[in-house]
Amino acid sequence: MRFFTLNRQKSVEYTDEELLEQYRETGDSESFGQLYNRYIPLVYGLCLKYLQNEDQSQDAVMEIFENLLPRVSGYEIKVFKTWLYSVVRNHCFHILKENKKEIIVDFDSSVMESDQILTLLSEDVEKEQEDALNYCMAKLSEPQRISIDKFFYEEMSYADIVTLTGYDLKSVKSYIQNGKRNLKLCIESRLNNEVS
């Protein structure tokens, strides 16, 4: 696909955060361009999942990066990939709201394990749901919170989480499974209480 023809130049492999810092310090768009090339397939894939339209998704990718370039220096970004994921999701929700389309998210189960939490949160982007998610994430035990965050928001594999945290594989799977259940129950309870 021509859309994904990337300029792969031989260069030092910097982390996302190092490239971001270089761009902030020098204003050299080449550093940001490397981030763009690194994440364009992921961003396009996410846009396609939400928007269900190839042309609209390609336009959204261009809009996202064009909007980020002049403004990225003003954000405090700890993990670029996690932050970018949120930006893409919010941009797509904004497009869907403008078009007054129902937001239906069908995550491929091979990409993300079970998606009840993300589906619940993706059906509507009201502030109450964002607040409920933040509240309930804070209520999880630390191992559950870390595992959920790494798996769903940073899209890390079980093996990566094991390596990063030192938890064993069985525990990671358990933390994610139980954490999802606890999050779902907590969010539903909080939203129902707010409505009533």
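Computation of the quantities below employed the complete heavy-atom set of this structure, encompassing side-chain atoms and omitting hydrogens, waters and symmetry-equivalent molecules. What you are looking at is a predicted structure, and each value in this text was computed from that prediction instead of being measured. We count residues from 1, following the sequence as given.
The shortest non-hydrogen separation linking Ala60 to Cys47 is CB-SG, 3.9 Å. Pairing each heavy atom of Lys150 with each of Ile161, the nearest pair is CB-CG1, 3.8 Å. Across every non-hydrogen atom of Ser31 and Tyr23, the tightest pair is CB-N, 3.9 Å. Here the closest heavy-atom approach between residue Ile176 and residue Ile148 is recorded as O-CD1, 3.6 Å. Scanning both residues, Leu183 and Cys136, for their nearest heavy atoms gives CD2-CB, 3.5 Å.
Using a 4.5 Å cut-off between side-chain heavy atoms of Ile, Leu, Val, Met, Phe, Trp and Tyr, with links allowed through other members, Leu164 and Val172 fall into the same hydrophobic cluster.
Once rounded to the nearest 0.5 Å, the distance linking CZ of Arg38 with NZ of Lys81 reads 11.0 Å. Note: Arg145 CZ to Ser147 OG = 10.5 Å, rounded to the nearest 0.5 Å. Atoms CZ and CG, from Phe93 and Leu51 in turn, are 10.0 Å apart once rounded to the nearest 0.5 Å. For the atom pair Ile146 CD1 and Met137 CE, the distance stands at 10.0 Å (nearest 0.5 Å). Here Glu21 contributes atom CD and Thr26 contributes atom OG1; the two are 10.0 Å apart, rounded to the nearest 0.5 Å. With rounding to the nearest 0.5 Å, the separation of OH in Tyr39 from CD in Gln34 is 12.5 Å.
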Checking Gln56 against Leu96 for the side-chain contact (heavy atoms from CB on, under 4.5 Å) test, could you report, in this order, the C-alpha distance in whole Å, the side-chain angles of both residues, the deciding distance, and whether it holds?
CA-CA 11 Å; Gln56 205 174 19; Leu96 290 168; 5.9 Å; no
Would you check, one step at a time, whether the test side-chain contact (heavy atoms from CB on, under 4.5 Å) holds for Val79 with Ile77?
CA-CA 6 Å; Val79 180; Ile77 303 168; over 6 Å; no
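Using cut-offs of 30° and 60° for the angle between ring planes, the Phe32 and Phe80 rings count as perpendicular.
Val162 has its side chain out of reach of Tyr167: every pair of non-hydrogen atoms, C-beta onward, lies at least 4.5 Å apart.
Residues Thr163 and Asp160 have side chains that never bring a donor and an acceptor to within less than 3.5 angstrom of each other. The closest side-chain donor-acceptor pair between Gln144 and Asn178, if any, does not fall under 3.5 angstrom.
Cation-pi geometry between Arg190 and Tyr135 is met: the NZ or CZ atom falls under 6.0 Å from the ring centre, inside 45° of the normal.
The salt bridge (Lys or Arg N to Asp or Glu O under 4.0 Å) check on Asp149 picks up nothing, with sequence neighbours excluded.
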If you look only at distance, which donor and acceptor atoms sit under 3.5 Å apart when one is on a side chain in residues 61-69 and the other is two or more places apart or in another chain?
unit_1, atom_1, unit_2, atom_2, d
Glu63, OE1, His91, NE2, 3.0
Asn67, ND2, Glu63, O, 3.2

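Aromatic rings of Tyr158 and Phe151 (six-membered ring for Trp) have centroids within the 6.0 Å cut-off, being under it.
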